[in-house]
Peer 1: 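Have a look at this one before I ask anything.
Since we're looking at a predicted model, the values are computed, not measured.
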Amino acid sequence: MKIRNIESYIQKRLSRHNWNVDKKKIGSDNEPFLLATFGDEQKVDNLFKRVSEIATNAEEQIFYELVQNAHDVHATSLYFYVSEDYLLVINNGNVFKTDDEDSLFNFLAFNKSDKSDEKGDWGEKGIGAKTMYTLISDVEDSKKSFDLLHKAIKEDRKGPYLISWNNRNQLDCLLQNRTGWEATEDNDALLFIKIILCYYPMIPKNEEYNYFKVEEAEKVVRILNEGIKPIGNIAFLEQGTALIVPLGKNKYNERIRSRETDIRENLGLFQCFDSSKQDIQYCQEIIHRENVKERDIKWNDNGAVHEYKFVFNKAFADKKICNLFKDLPINETKAGLGFVINSKDFDLDGSRQRVSEPDKTRFQLEKAFEGLIENLEQYNIDFDEIYESLLKTNIPETDSFAYIKKPFDEKFKDFFEKHVQTEDRQYVSSGNVVYFDDEKQHLISLSDIGINRKWVRKEIKENNNRHGVSITSWSFSDILKNCDRTKLEMWLQKLSALEYKDLFEKIIDITKDKDSCPEYKLFRTNKGNLFSYKDLKSSHRVFFKSKSIGSPCFGDFECVVYPIEINDEEYINLLTSKLKSNIEYFREHTEDSANVIKWI
């Protein structure tokens, strides 16, 4: 089949300088296409140095750069397939051009556009192209990354393969390999190249000084075929581009496999910010857009509009995802936030994996947080989910995240003081809530017993404490001391048998609370009356059963409906004392008295 004649393309670019193709010089510092692409001062080894200076987690960053690239070329579908030997990426966006638009040149030149102010399809500063080459070198801890790259790219002539097609017929012919490859001057023909030395494109050709042999090209087509088969229906690939990157030894097992969970999650996050809503697959798994709540915040600085998109999910804080995005995740910002912020304002270093100006970013975050708080107080849509995401935030106490933590703490402490989520999901100030026990506090209606406070859950209490907001904890004794006694007794009388049973067994029958507040009438009897623990221990003719040693049959005597936890000896002495104090009464109730005496 016909493929674009890349050698004519190279000569066309060299003719601007009155130079000619000289394959003998490939790999040297005076090779004409190198000079035409990067300038007279560029050295081959400097290209490898620029790649090797990319941070060590570039193997993860490349996936996000490729998503951005697909977005830039208006792709609606993106497919990743990775094995121990290679990474295959396919998108159905605009194809690579080798005419006046010349997107191929930007790709080869690390996005060094002919127009100095232009951002090319491969992304800002050509980071995508640079990170791609980090996949090619082997993993050997004893050797420097530059040496490994130098061997793989310069000595072994390893490089990525790029295939770009304008229609399905071109793709089908390639996959079936019907007629071999024939170079043509048609700029709309299939593009099939290997990039060596990080910049020089070659088509399949068996000749001297050509480092892309036909046999190697046939293997690449088999890899493409193998990667496409699992997709099934490829009707969406009417046009598109495939990138095949050979992986260095141990690159997948030691640098990619352990990051695949993070990669999938960040790909899902990326879709929250991607207006094109691409369909993304990673190794046959459909990447679903994260379930998030959103807020768009803008602030004006002397006419300059700054925009920040917040997306919230309280699980983010535990997952330790990237919390700052500049369209792509900024890998060195896993700060424990329960939300993610995307903004073009953030200034990044050359790797695009960390913030380059923390002080400036701190100021930006202060403004963004102020705008967010104002927005939340004005619009309460999805407030619960957003509040819990904010509260879940847990930023480490380290210098590296101080530029995030300080503005967050300063701006949100007052917000948290004023907005504490109660057990029934209302919001009140911290002075109007109290914590008792998640498993028990729902049994007590504070308003019914005259306490003008709301219950708060333990998780909310602990998260608020982490943000410097103190929430009071009460014991059952504290509840009793703060209630209205009359209202307490009325409430206890109204409880159903089952409600009172739960309250009694889980709260009331706790020795320390019975002893600390003995005068409160908490014990309901078979006659419908309420008595205090002090009453029960007195000579008053009301009885109760013991949990530990059983009890006599009290017959018609008034008795607390549920057994009470009490020391065995104390219980027996108490019954004996009641008998002695009420001897005349017991003589009138001979049978019941006899049962009690016999049991004692």
Peer 1: Taking only residues two or more places apart in sequence or in another chain, which ones pass ring-ring contact (aromatic ring centres under 6.0 Å, His included) with F33?
Peer 2: Y200
Peer 1: Once rounded to the nearest 0.5 Å, what's the spacing between atom CD1 of I62 and atom OG1 of T131?
Peer 2: 3.0 Å
Peer 1: Any side-chain to backbone donor/acceptor pair from K251 onto S137? Under 3.5 Å, distance only.
Peer 2: yes
Peer 1: Side chain of N225, backbone of L175: donor and acceptor closer than 3.5 Å?
Peer 2: yes
Peer 1: If you look at every heavy atom in L174 and V221, which pair is closest and at what distance?
Peer 2: O-CG1, 3.3 Å
Peer 1: Taking atom types as modelled and ignoring hydrogens, do the side chains of R4 and T98 form a donor-acceptor contact shorter than 3.5 angstrom?
Peer 2: yes
Peer 1: Could you check whether atom NZ of K319 has more than 12 heavy atoms from other residues, nucleotides or ligands sitting under 6.0 Å from it?
Peer 2: yes
Peer 1: Give the intermediate values and the outcome of side chain to side chain contact (heavy atoms under 4.5 Å, CB included) for residues N375 and I297.
Peer 2: CA-CA 8 Å; N375 179 282; I297 305 301; 3.8 Å; yes
Peer 1: Give me the atom names and distance for the closest heavy-atom approach of A402 to P407.
Peer 2: O-CD, 3.9 Å
Peer 1: Is the side chain of D186 donor-acceptor paired with the backbone N or O of D188 at a distance under 3.5 Å, no angle test?
Peer 2: yes
Peer 1: Using atom types as modelled and distance alone, determine if a side-chain donor or acceptor of S164 lies under 3.5 Å from a backbone N or O of F96.
Peer 2: yes
Peer 1: Would F346 and F325 satisfy ring-ring contact (aromatic ring centres under 6.0 Å, His included), going step by step from the backbone distance to the final call?
Peer 2: CA-CA 8 Å; F346 299 136; F325 274 56; 9.9 Å; no
Peer 1: Which distance, rounded to the nearest 0.5 Å, do you find between the CD1 of I195 and the CE of M132?
Peer 2: 5.0 Å
Peer 1: Can you check whether T393's main-chain N or O pairs, donor with acceptor, with R466's side chain at less than 3.5 Å?
Peer 2: yes
Peer 1: Is there a side-chain contact between K406 and R362, using heavy atoms and a 4.5 Å cut-off?
Peer 2: yes
Peer 1: If you take all heavy atoms of A70 and N91, which pair is closest and at what distance?
Peer 2: CB-CB, 4.0 Å
Peer 1: If we only count heavy atoms from C-beta on, is the L104 to I6 side-chain gap below 4.5 Å?
Peer 2: yes
Peer 1: Would you give the length of the straight line joining atom CG of L108 to atom CZ of F38, rounded to the nearest 0.5 angstrom?
Peer 2: 8.0 Å
Peer 1: Can you tell me if N266 uses its side chain to pair, donor with acceptor, with the backbone of I321 under 3.5 Å?
Peer 2: no
Peer 1: If you count every heavy atom of other residues, nucleotides or ligands that lies below 6.0 Å from E185 atom CD, does the total exceed 12?
Peer 2: yes
Peer 1: Do you know the tightest heavy-atom contact between I223 and L88?
Peer 2: O-CD2, 4.4 Å
Peer 1: Cut-off 3.5 Å, side chains only: do E260 and Y252 have a donor facing an acceptor?
Peer 2: yes
Peer 1: Rounded to the nearest 0.5 Å, how far apart are CD of E285 and NE2 of H288?
Peer 2: 7.5 Å
Peer 1: Name the one of L337, L328, D262, N331 that satisfies side-chain contact (heavy atoms from CB on, under 4.5 Å) with C322?
Peer 2: N331
Peer 1: With sequence neighbours left out, what residues match F146 under ring-ring contact (aromatic ring centres under 6.0 Å, His included)?
Peer 2: H150
Peer 1: Report, as yes or no, whether the 6.0 Å neighbourhood of atom CD on E207 holds more than 12 heavy atoms from other residues, nucleotides or ligands.
Peer 2: yes
Peer 1: Do the side chains of N30 and K25 get nearer than 4.5 Å, heavy atoms only?
Peer 2: yes
Peer 1: Are E216 and Y161 close enough that a side-chain donor and a side-chain acceptor fall under 3.5 Å?
Peer 2: yes
Peer 1: Closer than 3.5 angstrom, by distance alone: can the side chain of R157 be matched with the main-chain N or O of K154 as a donor-acceptor pair?
Peer 2: yes
Peer 1: Relative to the ring of F369, is the ring of F339 parallel (under 30°), tilted (30 to 60°) or perpendicular (over 60°)?
Peer 2: perpendicular
Peer 1: Does any part of the side chain of I26, heavy atoms only, come nearer than 4.5 Å to the side chain of I196, both counted from C-beta?
Peer 2: yes
Peer 1: Do D72 and Q68 have side-chain N/O donor and acceptor atoms under 3.5 Å apart?
Peer 2: yes
Peer 1: Could you pull out the closest heavy-atom pair between L14 and A36, with the gap in Å?
Peer 2: CD2-CB, 3.8 Å
Peer 1: Is there a donor-acceptor pair closer than 3.5 Å between any side-chain N or O of N69 and the backbone N or O of E65?
Peer 2: no
Peer 1: Heavy-atom distance under 4.5 Å between the side chains of F212 and I193, does that happen here?
Peer 2: no
Peer 1: Let me know which of F63, Y79, Y64 forms a ring-ring contact (aromatic ring centres under 6.0 Å, His included) with Y282.
Peer 2: F63
Peer 1: Between E388 and K314, is there a salt bridge with N-O shorter than 4.0 Å?
Peer 2: yes
Peer 1: Would you check if F80 and V67 make a side-chain contact, meaning some heavy-atom pair closer than 4.5 Å?
Peer 2: yes
Peer 1: Taking the side chain as everything from C-beta on, heavy atoms only, tell me whether F312 gets closer than 4.5 Å to E385.
Peer 2: no
Peer 1: Measure the shortest side-chain to side-chain distance between Q239 and Q170 over non-hydrogen atoms and say whether it is less than 4.5 angstrom.
Peer 2: no
Peer 1: Drop me the distance from Y403's OH to Q364's CD, to the nearest 0.5 angstrom.
Peer 2: 10.5 Å
Peer 1: Quick check on K151: does its NZ atom have over 12 non-hydrogen neighbours (other residues, nucleotides or ligands) under 6.0 Å away?
Peer 2: no
Peer 1: To the nearest 0.5 angstrom, please state how far the CD1 atom of I263 sits from the CD1 atom of I256.
Peer 2: 6.5 Å
Peer 1: Counting only N and O atoms by type, is there a donor-acceptor contact under 3.5 Å from the side chain of K309 to the main-chain atoms of N342?
Peer 2: no
Peer 1: Counting N and O atoms only, with roles assigned by atom type, does the side chain of N92 sit under 3.5 Å from a partner on the main chain of F236, one being a donor and the other an acceptor?
Peer 2: yes
Peer 1: Please state whether the rings of F192 and W181 are parallel, tilted or perpendicular, taking 30° and 60° as the class boundaries.
Peer 2: perpendicular
Peer 1: Between K24 and E31, is there a side-chain N and carboxylate O pair less than 4.0 Å apart?
Peer 2: no
